[in-house]
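Computed from heavy atoms alone, side chains included, the values below leave out hydrogens, waters and symmetry copies. Chain A is the first sequence line, chain B the second, and so forth, proteins listed ahead of strands; every chain is numbered from 1.
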Amino acid sequence: MNTVLEARNLSKAFGGIQAVDDFSFDLRRGEFLALIGPNGAGKTTCFNMLNGYLKPDRGSVRLQGKELVGIRPRKIWRMGVGRTFQITETFLSMTVLENVQMALISYHRRCFDLFSRATRLYRDRAEQLLELVSMQEHASRACSELAYGDLKRLELAIALAHDPVLLLMDEPTAGMAPSERVALMALTAEIVARQQVSVVFTEHDMDVVFAHAHRILVLNRGELIAEGTGSEIRENPMVQEVYLGGGAVFEAENEAASA
Amino acid sequence: MGFYFAQLLTGLANASSLFLIASGLSIIFGVTRIVNFAHGSLYMVGAYLAYTLVSAMDLGAFGFWLGVLVAAAIVGLIGLLIEMTILRRIYHAPELFQLVATFGVLLIFQDATLAIWGAQDLLGPRAPGLDGALRIMGEPIPEYDLALIAIGPLVLLGIWLLFRKTRWGVLVRAATQDREMVAALGVNQAWLFSATFVLGAFLAGLGGALQIPRETVSLQMDLSVIGEAFVIVVIGGMGSVTGAYVAAVLISVLNAFAILIFPQVSIVLPFIVMAIVLTLRPHGLFGAAGSEHGAPTEPEQPLRLMGEKGMMILFAAMAVFALSPVIVGDFTTVLLVDVMVATLFAVSLHFMMGIGGMVSFGHAAYFGIGAYAAAMMVKQLGIGMLPTIFLAPAVAGAGALFFGWFCVRLSGVYLAMLTLAAAQILWGITFQWQQFTGGDDGIVGVWPAGWASSDKVYFYLAFVCCIGGIWFLRRAAHSPFGYTLRGIRDSRTRAEAIGVDSRFHQWMGFTLAGAVAGLAGTIFAFSKGSVFPDSLGIAQSIDGLIMVLLGGIHALAGPILGAGVFVMIEDWVTRLAYWRVIFGIIILVVVLLAPDGIAGGINRLFARIRAVRKGGTA
């Protein structure tokens with residue numbers, strides 16, 4: 001399989017704290033990659049170096065061979081990287097459909113158009129995208145009225161508007177009810193498989209991670225300490241130690257499993 | 001050498017008076033997030049009260065200082081009254097509402113002061129015991145100036161002790177950082193806010209009262225000081241008392257020396273310094289990030305295209321309007337041109353604020369540039385009227401392009417203040433640059449071309465330009481560009497994440513709004529036949545804000561309704577003796593009772609009718 005994203009030796013320090021230290025990974029086409037780690041492990045810093053909000057002290061990020069370091073976030077978006085936010089960011093004074101249309105208008109570089117009717121542009125494509133995330137029945141609702149889970153799905157539709165090769169999702173299920181979490185990630189996984197988009201996501205909910213991630217990277221204190229599939233990560237004693245705590249509960253679980 | 005030292009001392013004395021008013025303004029903003037336009041009125045009332053008290057008591061030095069303190073205390077009580085009756089109701093309103101409401105208070109104060117003390121300027125008594133001059137390095141320095149130089153830092157020290165050593169002061173500092181958190185901790189906010197406002201009002205009153213030996217007490221004191229006080233607060237950083245002192249010293253001392261080199265500079269210097277400081281430090285010298293926004297606003301509803309019925313009503317209304325000159329007299333025709341000009345101006349301001357999310361306190365700048373450019377093109381360059389109608393708005397657009405570049409780097413109150421600064425700089429230039437702009441005398445004889453000189457013909461010319469301009473901006477509001485601006489206003493993060501260069505789009509939106517305001521100014525210049533510096537003054541900017549607010553900021557029709565009603569009310573009210581009071585009350589009624597303006601009121605009315613109908617058929 002071909003590689004979509006190559007991160008090499010990413011490092012970032014804030015003052016005296018080394019937030020991320022010499023972090024490297026590859027991402028294949030269509031891969032669903034989880035970035036996990038305890039609070040303060042450097043997940044968000046990593047993320048912000050991938051999407052251009054932070055400039056790494058050292059290292060490089062290449063998207064299909066093109067360097068991303070030093071490029072503004074909006075240019076990175078134009079190169080085919082979509083993103084969703086930990087706390088949703090949408091245009092609250094617009095309808096659901098208009099939110100998606102805005103992404104398409106920007107993608108087609110029509111933002112300076114003064115004479116067309118914005119609501120008539122790229123309607124069909126926007127409706128398709130909403131259908132993809134099962135939001136079509138909410139199309140004409142005001143975004144400010146939506147439930148949080150629906151806003152998350154809307155963000156996903158917006159992020160897919162420019163046919164990205166890579167999707168960066170920062171804690172996609174934060175603030176959602178457990179049942180909604182599973183539904184959203186199942187939907188994301190399905191879209192990823194169908195559209196052959198690659199995804200990097202950070203997540204705190206281990207159920208979500210183990211259920212959907214093809215591969216998991218574990219960060220601790222800015223360093224990559226483990227990498228592998230769900231079951232490999234579960235078995236990894238170092239991960240158990242630093243991340244899951246390695247306490248009595250876990251041992252009891254293991255004993256129960258082996259018994 | 002002695003002369004320069006004397007200038008320095010004069011600068012420091014001025015700094016103390018400015019600091020007193022600016023520190024109150026800054027403390028009030030820090031805690032309540034209200035930009036108090038009426039702060040200059042409190043200052044003025046402090047001066048008048050001190051004048052009356054000191055003259056009446058005639059008790060020598062003791063009487064003077066007692067009078068000053070009592071005057072300041074009374075102003076503090078007046079502040080309490082304002083806070084409890086008006087401000088308390090608008091803490092959660094957007095900053096625009098608060099500004100306009102406090103402007104209403106300012107108008108009421110102007111007439112109240114006029115009614116009590118009369119229109120005559122009053123020459124205050126000297127401070128007994130400090131009425132001489134000391135010779136320092138050979139130069140005479142008024143003793144009172146030396147007292148003021150000491151009072152400024154003493155008050156700063158007093159505030160510092162109050163904020164550091166008392167529980168109340170700790171609460172004030174905490175609220176300045178995070179109001180919600182303080183409320184969540186169970187602090188009685190109503191009491192905290194009232195007390196803060198009283199302190200701010202007291203300081204303003206003290207500042208005014210201390211001015212009486214230096215300055216004649218007049219009805220112009222409020223507006224002349226408020227612009228400078230805003231500048232000081234913004235340079236120092238909103239909410240920072242130390243910042244206010246540093247900024248006051250910076251401005252006053254710079255000013256004391258700058259007038260030696262270039263005497264005309266004093267009007268614009270503070271605003272130039274502010275523009276430079278804000279460009280380098282977007283939150284002022286001592287301000288914290290996040291201090292620029294008032295209360296969060298509720299998201300507005302999605303735009304709707306007008307239905308067929310609405311279109312028909314609109315066309316009918318336009319047809320009636322277009323035919324009106326045939327029916328009504330010339331006097332009314334002229335008034336209707338005023339309405340159209342005001343509407344175009346209000347719509348351009350609404351485009352910038354409502355659509356673009358950039359609150360401007362100085363939109364008159366571009367109206368004025370348009371008016372002056374038209375007047376100068378016709379009078380000095382001999383360009384015909386028709387080319388001027390195209391060229392003058394382009395000049396206004398160029399002005400907006402220039403100032404907009406600085407403004408879009410900021411947001412919230414800081415952006416608003418920088419737009420105000422831009423307008424004041426331009427106002428200062430037109431006022432001072434006698435040979436080009438005619439200064440205070442303005443430019444007269446700017447009449448339309450011969451064929452358009454009758455009131456009826458000019459009405460149709462204005463109709464085409466203004467209605468055309470309004471149509472264009474409404475169209476733009478529904479266009480991808482308008483949607484992009486609204487998107488940036490809603491969420492800059494999201495806009496950037498879908499590849500929108502938010503700053504660049506805002507800059508272009510600013511420019512477009514400026515050019516259209518310039519068109520309104522151009523039509524205005526030809527209809528009046530003259531232009532004066534007023535056309536880019538604070539009052540003109542505030543008029544625009546009131547129109548937008550009166551109509552309702554959340555509706556595209558808002559500025560149209562607002563401007564129409566505003567001009568009509570103004571035309572009727574200004575014939576009355578105490579029109580400011582009436583106008584101020586109208587403003588307060590709108591802000592307090594109908595914060596969504598006329599358009600919002602109509603919408604609610606329709607919603608209620610619809611609900612009743614539905615209830616009836618079901």
Side-chain angles (χ1 to χ4, degrees), chain A residues 51-53 72-122 140-146 154-155 158-159 161-162 164 168 170, chain B residues 94 296-307 351 353-357 397 468-469 471-509 511-513 515-516 553-556:
Chain A
N51 59 33
Y53 280 84
R72 286 165 189 271
R74 56 171 186 273
K75 293 269 156 54
I76 290 180
W77 173 83
R78 238 174 234 297
M79 292 165 74
V81 180
R83 67 172 299 193
T84 65
F85 295 89
Q86 188 172 344
I87 299 163
T88 56
E89 289 281 351
T90 51
F91 301 137
L92 288 180
S93 74
M94 298 182 197
T95 65
V96 170
L97 187 68
E98 285 165 3
N99 263 276
V100 184
Q101 282 173 300
M102 266 316 298
L104 291 163
I105 284 168
S106 173
Y107 178 53
H108 292 281
R109 298 179 189 273
R110 295 279 296 267
C111 284
F112 277 112
D113 183 338
L114 271 169
F115 293 97
S116 312
R117 295 259 189 241
T119 48
R120 289 186 193 149
L121 293 175
Y122 314 112
S140 56
R141 283 181 66 190
C143 204
S144 53
E145 302 168 354
L146 288 189
L154 171 59
E155 269 208 328
I158 294 172
H162 65 314
L168 298 172
D170 192 6
Chain B
T297 52
E298 273 191 23
E300 64 180 53
Q301 289 299 303
L303 286 183
R304 277 202 194 88
L305 285 176
M306 204 176 264
F351 186 78
M353 294 198 313
I355 307 284
W471 172 83
F472 168 69
L473 280 190
R474 279 194 64 113
R475 182 95 210 189
H478 285 285
S479 75
F481 183 62
Y483 268 69
T484 305
L485 287 180
R486 284 173 57 226
I488 296 165
R489 178 202 63 190
D490 284 359
S491 167
R492 191 179 277 267
T493 316
R494 172 44 73 195
E496 290 279 338
I498 56 167
V500 173
D501 185 343
S502 50
R503 204 178 266 178
F504 189 65
H505 282 81
Q506 285 196 320
W507 187 26
M508 291 301 118
T511 305
L512 186 68
V516 176
I553 187 154
H554 290 316
L556 282 185

Check your understanding: Does the B:Arg486 side chain pair with the main chain of A:Ser93, one donor and one acceptor, at a distance under 3.5 Å?
Key ->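 Side chain of B:Arg486 to backbone of A:Ser93: a pair is present.
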**Report entry** Any donor-acceptor N/O pair, B:Ser491 side chain to A:Thr90 backbone, under 3.5 Å
**Finding:**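 Checking the backbone N and O of A:Thr90 against the side chain of B:Ser491, no donor-acceptor pair under 3.5 Å is found.
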Between B:Tyr483 and A:Met94, is the side-chain contact (heavy atoms from CB on, under 4.5 Å) condition met? List the steps. CA-CA 9 Å; B:Tyr483 268 69; A:Met94 298 182 197; 3.8 Å; yes
Quiz prompt | Region of B:Arg489 that comes under 4.5 Å of a non-hydrogen atom in chain A | solution =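 The side chain, not the backbone.
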query: Measuring heavy-atom distances to chain A, does B:Ala477 have an atom under 4.5 Å in its side chain, in its backbone, in both, or in neither?
result: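 The answer is neither part of B:Ala477.
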Inter-residue atom distance [X].[atom1] - [Y].[atom2], 0.5 Å rounding:
X        : Y        : atom1 : atom2 : answer
A:Arg83  : B:Glu496 : CZ    : CD    : 11.0 Å
B:Phe472 : A:Phe115 : CZ    : CZ    : 5.0 Å
A:Leu114 : B:Ser479 : CG    : OG    : 5.0 Å
A:Met102 : B:Ile488 : CE    : CD1   : 7.5 Å

Using non-hydrogen atoms and a 4.5 Å limit, figure out which bit of [X] sits close to chain B: side chain, backbone, both or neither.
X        : value
A:Ile158 : side chain
A:Gln101 : neither
A:Arg78  : side chain

What residue in B:Ile498, B:Leu485, B:Thr493 has the most heavy-atom pairs under 4.5 Å with chain A?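 Ranked by heavy-atom pairs under 4.5 Å with chain A, first place is B:Ile498.
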Checking A:Phe112 against B:His505 for the side-chain contact (heavy atoms from CB on, under 4.5 Å) test, could you report, in this order, the C-alpha distance in whole Å, the side-chain angles of both residues, the deciding distance, and whether it holds?
CA-CA 8 Å; A:Phe112 277 112; B:His505 282 81; 3.5 Å; yes
If you take all heavy atoms of A:Leu121 and B:Pro480, which pair is closest and at what distance?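 Closest heavy-atom pair between A:Leu121 and B:Pro480: CD1-CG, 3.4 Å.
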Minimum-distance pair of heavy atoms, taken over all atoms of B:Ala497 and A:Phe85:
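Smallest interatomic distance, heavy atoms only, reads CB-CZ, 3.6 Å.
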Please indicate whether A:Tyr107 has more than 12 foreign heavy atoms, meaning atoms of other residues, nucleotides or ligands, lying under 6.0 Å from its OH.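 Not more than 12 within 6.0 Å, no.
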B:Arg494 with A:Glu155: basic N within carboxylate O range, under 4.0 Å: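 Result for this pair is yes, salt bridge flagged.
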Relative to chain B, which of A:Glu98, A:Arg72, A:Arg110 shows the most heavy atom pairs under 4.5 Å?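 Ranked by contacts with chain B, first place is A:Glu98.
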